2 protein chains.
Amino acid sequence: MSIPEYHDSSGRRLVDYPRPSVAVDTAVLTPDPERGLLVLLVRRDSATRSDAWALPGTFLHEGETLAGAVLRSLDQKAGLRGQAPRQLYVFDDPRRDDRGWVLSVAHVVLLPPAVVAPVAEERPDDVQLRPVAEATGLPFDHDGIVEMAVAQVRAAYAERPDPERLLPEPFTLRDLRRLHEAVAGRRLQPDVFRRHVRDHLQSTGEATRGSVGRPAELFRHASR
Amino acid sequence: MSIPEYHDSSGRRLVDYPRPSVAVDTAVLTPDPERGLLVLLVRRDSATRSDAWALPGTFLHEGETLAGAVLRSLDQKAGLRGQAPRQLYVFDDPRRDDRGWVLSVAHVVLLPPAVVAPVAEERPDDVQLRPVAEATGLPFDHDGIVEMAVAQVRAAYAERPDPERLLPEPFTLRDLRRLHEAVAGRRLQPDVFRRHVRDHLQSTGEATRGSVGRPAELFRHASR
DNA sequence: TTAATAGTGTCTGTAAGACATTATGAC
DNA sequence: GTCATAATGTCTTACAGACACTATTAA
């Protein structure tokens, strides 16, 4: 990529400024509806001196977007095909990384358990899943990233039903509630939850069959 | 700053990767209680080819934090001494700047009108103040930055009374409400507003004197 | 006394939360 | 029928919004 001549107000060319390395670190979260909690993916990084469990991350390559770097790192380091990552915060302490001047852009990605679970099972020495409540003590600023990631996802799910579209359609209100309970990390009352989300959903007219108890109505996300 | 040897998973040294320039662009907002609206500071940038009005910004220097770069750019380019900037978003399209590969970290700063107004009066050819509703048509991603900045500030002020501590203490509820009306860009009912913020404030026991009408109680922000 | 502004009482509508009740299927 | 689960009715509480009313000063 050619950089045209450019002088800033002090007469220095843009290209003459020292530039930081830019990294991305990603909190990969997945709900566990069975246990009713959020789970964080951590990986053991053999490239860095510290052999600790940490968030997956990578350096931004030339011509690449931040989201692209996040998806590449998840693919390479955890064998995951991800959805749209969301930016959380830029960590910019000039001395935060003793390998040099490195900015880190923290991201969060929420994935369905069906995608994440197999990866952790296949590569237990590389990749682990930990309930977010027990996922502290990570190196660098990673504890803070996880905290922001959890807050971000919980706020989004408190706002509207399954904004990340993790649930395959059609689904019952019970399925949806279990998902939200896992994200929120606490029980939700069925009737309160129903009234909270009902207007954002579209009935399919169908119902579950063969289950114990009264069949449940099946829904899709409303048009939007 | 020395960069220790470091090989990533593909065997390349950290220092060998091409690195982006990192810039900061800042939406400087100030409430105008007289007119009841939020005002944006724009400056004419003679260094870039485009001579358009735009947000103040600068490139990140070595060893500097993003907040430091924001404060430096406000000082240099608008003669402003600012408070804590807040990050909004990283714009990362590799082709967003034709001078080269430049990431821009958007920020927002809210300043008291007493600080901003004199600057605009002293340097009308360099610095202008525009109501946010009329501050569209800016170059680059700046329109989007302004939108995010306004949303951020409005959300913060809807949450608690004057989180940026713009009002000098002590203040009356009328002063506080005027400030919030300017931030929100709409009228707020005195009684509703009072009940909304009362618990977060601490009475000084004093009252205004010499004004028309019943004297107003004077408040400070509650301890916190 | 009047004008002007500060502050309070109270009514309404809406929504969350909690609990009881009804509905509908499998067995 | 019994059991299990889905869905709804309704009561309480809280709070925003709206409006009327009272309080306290200057002039």
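We name chains A, B, ... by the order of the sequence lines, and we start the count at 1 in each one. For clarity, every value in this text was computed on a predicted model and none was experimentally measured.
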Given Glu181(A) and Arg186(A), is the salt bridge (Lys or Arg N to Asp or Glu O under 4.0 Å) satisfied, shown in steps?
CA-CA 5 Å; Glu181(A) 286 176 341; Arg186(A) 65 189 183 90; over 6 Å; no

Tell me: CZ of Arg209(B) to C1' of dA4(C), nearest whole Å?
19 Å

Rounded distance (Å) that lies between atom P of dG7(C) and atom CZ of Phe193(B)
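Going from Phe193(B) (CZ) to dG7(C) (P), I get 12 Å.
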
Distance-minimising heavy-atom pair for Leu179(B) and Pro31(B):
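Answer, listing the atom of Leu179(B) first, then Pro31(B): CD1-CG, 3.4 Å.
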
On a heavy-atom basis, which atom in Ser104(B) and which in Asp25(B) lie closest, and how many Å separate them?
OG-OD2, 2.7 Å

Given side chains that start at C-beta, do those of Phe219(B) and Glu217(B) come closer than 4.5 Å, heavy atoms only?
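Yes - at least one pair of side-chain heavy atoms lies under 4.5 Å apart.
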
Against Leu103(B), only a single residue in Thr65(A), Leu60(A), Leu103(A), Val105(A) fulfils side-chain contact (heavy atoms from CB on, under 4.5 Å); can you say which?
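So, applying the side-chain contact (heavy atoms from CB on, under 4.5 Å) to Leu103(B) and each of Thr65(A), Leu60(A), Leu103(A), Val105(A), only Leu60(A) qualifies.
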
Could you check Ser211(A) against Val212(B) and say which one's nearest nucleotide on DNA chain C is further toward the 5' end?
Val212(B)

Output all residues satisfying ring pair (Phe, Tyr, Trp, His ring centres under 6.0 Å) with Phe171(B), sequence neighbours left out; order by chain, then residue number.
His221(B)

Under 4.0 Å protein heavy-atom contacts per nucleotide of nucleotides 8-18 of chain D, with B for base, S for backbone only and - for none
BBB-----SBB

Which residues within residues 167-178 of chain A lie with some heavy atom under 4.0 Å of an atom in DNA chain C?
none

Please walk me through it: do Gln128(A) and Arg130(A) pass side chain to side chain donor-acceptor pair (under 3.5 Å)?
CA-CA 7 Å; Gln128(A) 275 190 359; Arg130(A) 297 184 188 168; 3.3 Å; yes

Examine distances only and state if a side-chain atom of Gln87(B) and a backbone atom of Val90(A) form a donor-acceptor pair shorter than 3.5 Å.
yes

